[in-house]
Trainee: 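Okay, here's the structure, questions in a sec.
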Amino acid sequence: NNNNNNFILFANAKKPMTASKLRSAGDTAFVSGKKDGVKKALKLYTQAIEMEPKNHENYYKRYRAWLRLKRDEKALKDLEKAIKVNPEFHRGHLHRGKMLRKSGKCKKALKALERAMELKPGDKSTIKEYDASKECAALFEQAEALERSGNTKGALEQYTKILEATRSKKLEGELLLKKAFLNFQLGEYFDVLADSGRALKIKKDNLKALELRANAYYRLADHDMAMRHHREGLKFDPEHKGLKTAYKKTKKLHKAFKQHEMHLNAGHYDQALNRLKFCSNVDPTHDEFNKKVYTKICEIQLKHMKDAKEALLACDRAISIDQNYGEALVNRAKALDSQESYDEALRAWQRAREVLGEGNAEANDGYSRAETALKQSKEKNYYKILGISRSADKKEIKKAYRKLALQWHPDKVKEEDKDKANSMFADIGEAYEVLSDEEKRGKYDRGEAVFENQGGEQRRHNHGFNFGGGGGGNTFTFNFRL
């Protein structure tokens, strides 16, 4: 009985599959076309290789499975193993040449295909692939020669032609990166974003594409987006030197600029200026950002520090970076207004109009005001009489008037200065009457007639002002006539 049982067990036991049967089973799984079938074929071909490591067909069949799964690097390695096992394997050389061409390595492809042509002269498939690789190699050679000679635009056009002709996703990704790099050199940062974005759709962990994209956003002064791409790249490679360094620098700039905004909102203008000056020194080559920084400095110096000279210096630095930067041109014109350099201010406002367009309300208004100011500077200038700027508020106007009215009151001067005092006192009163009244000041600033009979008979004015301290002290009131 025991002998019978052993015989039954032996008869039912499966014999191990031969390499030939493994290949055959792999072929059956492969032709199903389904992903699971291809993965099964891959395992069967691997088992066949383990059994027959010197059979080039085993590697060739596994190459086809890797290729179907879009694992090009592994596929190419198996082709190279097949050729190593059998240097006379024509299909191995042919397909290796084809893979190399599709990955953009056209010179290497030509060598592989030359060997395939030696092994099978006159083979139409080999000749066709050889011709395609020869054309590809010529295109790459032209592009590389243009790049070496410094003709970046020409190289870019050539790589674009190659990209349009390629059907390989891997080569497409590499060419998009090449285009992005050349566009970065040309300062075409929006094109860098477009090309690197397409490259990332092909391979989302493409660190070169992420780095180029981050650098482009940085150059466009979009620091939030730059840091987002730095962080995305560092997820894939936490020790990436370029991304780490760029992230730290961008973060430093971003933080300092935010601090300037905080100080500005709190009315701490010196601290705000300090932060902006720090920003401009972090990266002197960061033009898109620095022109905004210098314009902000110009604005603060003019609006809050009342320092037109420093404002002009800052605006001029912004314009030296970008002569068509509208915001800097407008602030420069305002600074010239403040300095009462009316001829120069008029030219500055005209330049702002040219850049911003003649439909720009602020530039048009500035030009009209400068034109009026220039005209008034040659006549009676109420602002100059009171010694104030054209941007002075009501408080500043009243303060200047009180000081000058007291200084030039006819009763407060020597007899020999009475005539001059009368004239000055009348002008001071007239200037105050116009500038303290919003409607009259508006007309004056626009160059319109302020009084109905301007230049005609004298008008009678009665201004009474209290020049005293608080708390019930003595007062001084005076009346005067024009």
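Numbers here are sequence positions counted from 1.
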Trainee: For the residue pair Tyr45 and Phe30, categorise the inter-ring angle as parallel (less than 30°), tilted (30 to 60°) or perpendicular (more than 60°).
Mentor: tilted
Trainee: Does Lys251 reach the side chain of Lys255, with side-chain heavy atoms less than 4.5 Å apart?
Mentor: no
Trainee: Less than 4.0 angstrom from a charged side-chain N to a carboxylate O is my criterion; do Glu232 and Lys235 meet it?
Mentor: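 A salt bridge links Glu232 with Lys235.
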Trainee: If the test is side-chain hydrogen bond (donor to acceptor under 3.5 Å, both in side chains), which one of Lys98, His90, Arg91 qualifies with Thr126?
Mentor: His90
Trainee: Look at Lys203 together with Asp205 and state whether they make a salt bridge at an N to O cut-off of under 4.0 Å.
Mentor: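 The answer is yes: the pair qualifies as a salt bridge.
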Trainee: Under a plain distance cut-off of 3.5 Å, with no hydrogens placed, do His286 and Ser280 share a side-chain donor-acceptor pair?
Mentor: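 No, His286 and Ser280 have no side-chain donor paired with an acceptor closer than 3.5 Å.
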Trainee: Under 3.5 Å, side chain of Asn151 to main-chain N/O of Gly154, donor-acceptor pair present?
Mentor: yes
Trainee: Can you see whether Asn274 engages Tyr269 through a side-chain donor-acceptor pair at a distance of less than 3.5 angstrom?
Mentor: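 Not at all, the side chains of Asn274 and Tyr269 share no donor-acceptor pair under 3.5 Å.
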Trainee: Are the side chain of His260 and the backbone of Phe257 linked by a donor-acceptor contact shorter than 3.5 Å?
Mentor: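 Here the side-chain-to-backbone pair exists.
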Trainee: Any idea which heavy atoms bring Leu113 and Gly97 closest together, and the distance?
Mentor: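 Heavy atoms of Leu113 and Gly97 come nearest at CG-CA, 4.0 Å.
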Trainee: Is it true that the NZ or CZ of Arg62 lies under 6.0 Å from the centre of Tyr59's six-membered ring and within 45 degrees of the ring axis?
Mentor: no
Trainee: Quick check: does any side chain N or O of His268 sit under 3.5 Å from a backbone N or O of Gln271, one acting as donor and the other as acceptor?
Mentor: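 No.
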Trainee: Can Glu80 and Lys77 be counted as an ion pair, charged N to O under 4.0 angstrom?
Mentor: no
Trainee: With a 6.0 Å cut-off (strictly less than), is the heavy-atom count around NZ of Lys208, excluding the residue itself, greater than 12?
Mentor: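 It does not: Lys208 NZ has 12 such atoms or fewer within range.
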Trainee: Of all the heavy-atom pairs spanning Cys298 and Ala314, show the shortest one and how long it is.
Mentor: N-CB, 3.6 Å
Trainee: Do Asn58 and Thr46 come within less than 4.5 Å of each other through their side chains, counting heavy atoms only?
Mentor: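 No. Closest side-chain heavy atoms not under 4.5 Å.
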Trainee: Which of parallel (below 30°), tilted (30 to 60°) and perpendicular (above 60°) describes Phe89 and Tyr60?
Mentor: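 It falls in the perpendicular class, over 60°.
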Trainee: Applying disulfide (SG to SG under 2.5 Å), name anything that partners Cys279, two or more places apart in sequence or on another chain.
Mentor: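 Partners of Cys279 by the disulfide (SG to SG under 2.5 Å) criterion come out as none, since no residue qualifies.
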Trainee: Can you name the nearest heavy-atom pair linking Ser133 to Arg101, along with the distance?
Mentor: OG-CD, 3.3 Å
Trainee: Sequence neighbours left out, what pairs pass salt bridge (charged side-chain N to carboxylate O under 4.0 Å, His left out) with at least one residue falling in residues 136-157?
Mentor: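 Checked against salt bridge (charged side-chain N to carboxylate O under 4.0 Å, His left out) - neighbours excluded - the pairs reaching residues 136-157 are Glu147-Lys178.
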Trainee: Under 6.0 Å from the ring centre and within 45 degrees of the ring axis: does the NZ or CZ of Arg353 meet both conditions for the six-membered ring of Tyr367?
Mentor: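 Output yes; distance and angle both within limits.
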Trainee: For Leu302 and Ser338, run side chain to side chain contact (heavy atoms under 4.5 Å, CB included): C-alpha distance rounded to whole Å, both residues' side-chain angles, the deciding distance at 0.1 Å, then the answer.
Mentor: CA-CA 8 Å; Leu302 184 63; Ser338 180; 3.9 Å; yes
Trainee: Output yes when Arg115 and Glu118 qualify as a salt bridge under the 4.0 Å nitrogen-oxygen rule, no when they do not.
Mentor: yes
Trainee: For the residue pair Phe140 and Tyr159, does the interplanar ring angle fall in the parallel (under 30°), tilted (30 to 60°) or perpendicular (over 60°) class?
Mentor: perpendicular
Trainee: Strictly below 4.0 Å, N to O, side chains only: are Asp195 and Lys179 in salt-bridge contact?
Mentor: yes
Trainee: Using a strict threshold of under 4.0 Å (side-chain N to carboxylate O), is an ion pair present between Glu327 and Lys292?
Mentor: no
Trainee: Do the side chains of His229 and Glu211 get nearer than 4.5 Å, heavy atoms only?
Mentor: no
Trainee: Between Asp445 and Tyr383, does the side chain to side chain donor-acceptor pair (under 3.5 Å) criterion hold? Intermediate values first, please.
Mentor: CA-CA 10 Å; Asp445 286 347; Tyr383 291 103; 2.8 Å; yes
Trainee: Looking at every non-hydrogen atom in both residues, tell me the closest pair between Tyr63 and Ala75 and how far apart they are.
Mentor: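 Closest pair (atom of Tyr63, atom of Ala75, distance): CD1-O, 3.4 Å.
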Trainee: Taking atom types as modelled, is there a side-chain donor on Asn324 or Arg351 under 3.5 Å from an acceptor on the other?
Mentor: yes
Trainee: Hey, is Arg219 close enough to Asp283 for a salt bridge, meaning N to O under 4.0 Å?
Mentor: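 Yes, this pair counts.
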Trainee: Quick one: does any side-chain atom of Thr18 pair with a main-chain N or O of Lys21 as donor and acceptor, under 3.5 Å?
Mentor: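 Here the side-chain-to-backbone pair exists.
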Trainee: For the residue pair His230 and Tyr247, does the interplanar ring angle fall in the parallel (under 30°), tilted (30 to 60°) or perpendicular (over 60°) class?
Mentor: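 Taking Tyr247 first and then His230, their aromatic rings stand perpendicular (interplane angle over 60°).
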Trainee: Thinking salt bridges, do Glu172 and Lys169 make one under a 4.0 Å N-O criterion?
Mentor: yes
Trainee: Are there more than 12 heavy atoms of other residues, nucleotides or ligands under 6.0 Å from atom NZ of Lys306?
Mentor: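 More than 12 heavy atoms, drawn from other residues, nucleotides or ligands, come within 6.0 Å of this atom.
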Trainee: Would you confirm whether Asn281, through its side chain, and Lys277, through its main-chain N or O, come within 3.5 Å as a donor-acceptor pair?
Mentor: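 Confirmed, Asn281 side chain pairs with Lys277 backbone.
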Trainee: Which heavy atom of His93 sits nearest to which heavy atom of Pro87, and what is that distance?
Mentor: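 Looks like NE2-O, 2.9 Å.
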Trainee: Salt bridge check, Arg369 against Asp365: does any charged N sit closer than 4.0 Å to a carboxylate O?
Mentor: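 Yes.
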Trainee: Under 4.0 Å between a side-chain nitrogen and a carboxylate oxygen: does that hold for Glu129 and Lys102?
Mentor: no
Trainee: For Phe289 and His223, run ring pair (Phe, Tyr, Trp, His ring centres under 6.0 Å): C-alpha distance rounded to whole Å, both residues' side-chain angles, the deciding distance at 0.1 Å, then the answer.
Mentor: CA-CA 9 Å; Phe289 179 63; His223 295 159; 4.8 Å; yes
Trainee: In terms of side-chain geometry, is the basic nitrogen of Asp316 or Arg332 positioned less than 4.0 Å from the acidic oxygen of its partner?
Mentor: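 So Asp316 pairs with Arg332 through a salt bridge.
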Trainee: Name the atoms and distances for all side-chain donor-acceptor pairs under 3.5 Å in residues 47-54, with sequence neighbours left out.
Mentor:
unit_1, atom_1, unit_2, atom_2, d
Glu52, OE1, Arg23, NH1, 3.0
Glu52, OE1, Asn55, ND2, 2.9

Trainee: Does Glu261 offer a backbone N or O that forms a donor-acceptor pair with the side chain of Asn265 under 3.5 Å?
Mentor: yes
Trainee: Any donor and acceptor pair, going by atom type alone, linking the side chain of Ser24 with main-chain N or O of Ser20 inside 3.5 Å?
Mentor: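 Side chain of Ser24 to backbone of Ser20: no pair is present.
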Trainee: Determine, stepwise, if the pair Ile297 / Leu273 fulfils side chain to side chain contact (heavy atoms under 4.5 Å, CB included).
Mentor: CA-CA 6 Å; Ile297 291 172; Leu273 286 169; 3.9 Å; yes
Trainee: Stepwise, does the side chain to side chain contact (heavy atoms under 4.5 Å, CB included) test hold for Ile397 with Arg441?
Mentor: CA-CA 11 Å; Ile397 294 166; Arg441 184 181 183 182; 3.5 Å; yes
Trainee: Hey, is the main chain of Glu358 close enough, under 3.5 Å, to the side chain of Asn364 for a donor-acceptor pair?
Mentor: yes
Trainee: Between Glu362 and Lys334, is there a salt bridge with N-O shorter than 4.0 Å?
Mentor: yes
Trainee: Tell me, yes or no, whether the heavy-atom count around Gln185 atom CD, taken from other residues, nucleotides or ligands under 6.0 Å, exceeds 12.
Mentor: yes
Trainee: Where is the tightest heavy-atom contact between Ile388 and Glu396, given as atom of each residue plus distance?
Mentor: CG2-O, 4.2 Å
Trainee: Any donor and acceptor pair, going by atom type alone, linking the side chain of Ser341 with main-chain N or O of Asp337 inside 3.5 Å?
Mentor: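 Absent.
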Trainee: Look only at the side chain of Thr245 and the backbone of Gly242, and say whether a donor-acceptor pair between them is shorter than 3.5 Å.
Mentor: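 The answer is no, because no donor-acceptor pair under 3.5 Å joins these two groups.
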Trainee: Between Lys249 and His254, does the side chain to side chain contact (heavy atoms under 4.5 Å, CB included) criterion hold? Intermediate values first, please.
Mentor: CA-CA 9 Å; Lys249 181 169 73 174; His254 186 69; over 6 Å; no
